[in-house]
Structures are given as structure tokens and as C-alpha cells.
Amino acid sequence: MASPSDNAPVVTIRRLAPSDSISELTQLLHRAYAKQVAMGLRPLAGRQDDATTKRRVFNGECHVAVRHDPGPDGRVKQVLVGSILFHEVEEAQGPPYFSKGGVASFSQFAVDPAAQGQGIGLRLLEVIEQRAREAGATELACTMAEPDTDLLNFYFRRGYRLIGHWQWPYTNYRSAILSKTLN
Ligand SMILES: CC(C)(COP(=O)(O)OP(=O)(O)OC[C@H]1O[C@@H](n2cnc3c(N)ncnc32)[C@H](O)[C@@H]1OP(=O)(O)O)[C@@H](O)C(=O)NCCC(=O)NCCS
């Protein structure tokens, strides 16, 4: 007997490929960060242009979640539904904590609102945690918009703790520096 999960779309995680559309990624980021924008916050990923997205993904290791949609011609179309950037080297000065030995970091973390709550974010985080371990890190850190308390609690439930605060020059809010010890 068929169960609802038989019809669930297949979502896989892989590295961003040259054939992926930077514009599609930018639009995904804008959709995901729209909630923070509606709160009056100005996250870079919520308003950056394609050139900025391109520069950022080349300054780190970008992983994407892709949904495999069967097309009418039998060919599968891949649609970007999530993204995370491992070890972005920012042009702006970052928190000194990110430069400490054994600390790896991630940024530009997003899942399409239509695909949230299905564990895709957790899967992206697990991929990055594994990359951090492979790189010899014992801590995985990020910064996030401190006023977004739902997001703060999302990280706390996943083992992250508050390290301190940081002010990025391109945002209008204080960021929390969070870190998780990798087992
Ligand atoms: C943060 C973000 C990436 C999380 O993505 P996500 O795919 O929704 O994350 P998950 O599905 O793994 O977890 C979300 C919730 O859904 C729940 N969930 C996970 N799998 C589920 C499933 N199969 N069915 C129902 N719920 C599920 C999780 O338990 C989790 O709930 P909890 O936080 O109460 O524990 C996403 O909310 C987002 O893009 N936010 C906007 C951008 C942003 O703020 N990014 C972070 C910047 S630092």
C-alpha cells in the first residue's frame, strides 16, 4: 500500500556546481530571509545581488539542497531548496573567535520557506559539521541576527551556545556569535 512518503520529493545535498544558477540561489536566499526583513532587519543574504552571491560562494565552500522534480519528458529537473556556506572568508573583519585554532564557521544558511520544517536545514548542518571535523575543527560557529529569537532557539536546541556578539558593518542589528562543540 502506498504511504504519503512514497510521493515525497527526493532532496539531496551536494556541492554547488557550475551548472547551478547563481540567480536562482540569490532568489532562494531572498525568500528565506524575508521573515527577518519583515522584522525590520537588513541581513545581507536578504538583499544581496547576484554579483555578491557569486563572490560569496567563491569565498567559501557552498553546499546546496536540491529537489529532484520529474519533468514531463522524463528528465529530472533539479531545483535549489537550501544552501549553506562553509568557511566563508569575508572581506569585512569577522569575529576574532572565528580565527581561533580548531574553530570552523558557516554562513549564508537558508532553506526555501516552502521546504522548511522537513529536516533539510538539519541535513545541511550535518554535512557542514562533517566537513568541519575533516578539517580538524572541534568547534563549529556562526553569527546570526540576535533579534530573531526563534532562530536563536533553533540553534540552542541543536547544541549551540552563546560565545559573544559582533557587529557586521553591512547590517542594522547586533549579531550573536554561536558555537557548537563537535563530538
Ligand atoms: C534556519 C533554517 C535554515 C532551518 O531550516 P529548516 O529546513 O526549516 O530546518 P529543519 O527542518 O531541520 O528544522 C526546523 C524544524 O522542523 C522540525 N522538523 C525537522 N524535520 C521534520 C519533519 N520531517 N517533519 C516536521 N518537522 C520537522 C525540526 O524539529 C525543527 O523544529 P525545532 O527547531 O523545533 O526542533 C530556515 O528556517 C531558514 O532558512 N530560515 C531563514 C534564514 C535564516 O535565518 N538562516 C539562518 C541564518 S544564521
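Read the numbers this way: they start at 1 and go in the same order the structure lists the ligands and their atoms.
Nearest heavy-atom pair, P96 versus W166, reported as atom, atom and distance to 0.1 Å: CD-CZ3, 3.6 Å.
At a 4.0 Å heavy-atom cut-off, ligand 1 touches Q116 through backbone and side chain alike.
Distance from atom 11 (O) of ligand 1 to its nearest protein heavy atom, with residue and atom name: G119 N, 2.7 Å. For atom 45 (N) of ligand 1, the nearest protein heavy atom (residue, atom name, distance) is F109 O, 2.7 Å. Looking at atom 47 (C) of ligand 1, its nearest protein heavy atom turns out to be Y33 OH, 3.3 Å. Among protein heavy atoms, the minimum distance from atom 12 (O) of ligand 1 is reached at L122 N, 2.9 Å. Nearest protein heavy-atom contact of atom 1 (C) of ligand 1 is L151 CD1, 3.7 Å. Nearest protein neighbour of atom 30 (C) of ligand 1, counting heavy atoms only, is R158 NH2, 3.2 Å.
Under the 4.0 Å criterion applied to side-chain N and carboxylate O atoms, D112 and R67 are not assigned as salt-bridge partners.
Of all atoms in ligand 1, numbered sequentially from 1 with element shown, those under 4.0 Å from a heavy atom of F154 are 4 (C), 9 (O), 13 (O), 14 (C), 33 (O). Applying the 4.0 Å criterion to heavy atoms of Q36 picks out, from ligand 1, the atoms 44 (O).
A parallel orientation is assigned to the rings of W168 and Y170, their planes being inclined by less than 30° (bins at 30° and 60°).
For the pair G117 and ligand 1, the shortest N or O to N or O distance falls below 3.5 Å.
Side-chain atoms of L124 and I120, non-hydrogen and from C-beta on, do get closer than 4.5 Å to each other.
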Requested in this report: Could you give me the CA-CA distance, side-chain angles and deciding distance for H68 and T12, then say whether side chain to side chain donor-acceptor pair (under 3.5 Å) is met?
Outcome: CA-CA 8 Å; H68 300 254; T12 56; 2.7 Å; yes
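In terms of modelled atom types and a separation under 3.5 Å, the side chain of N172 and the main chain of G40 share a donor-acceptor contact.
Cation-pi geometry between R31 and Y33 is not met at under 6.0 angstrom from the ring centre and within 45 degrees of the axis.
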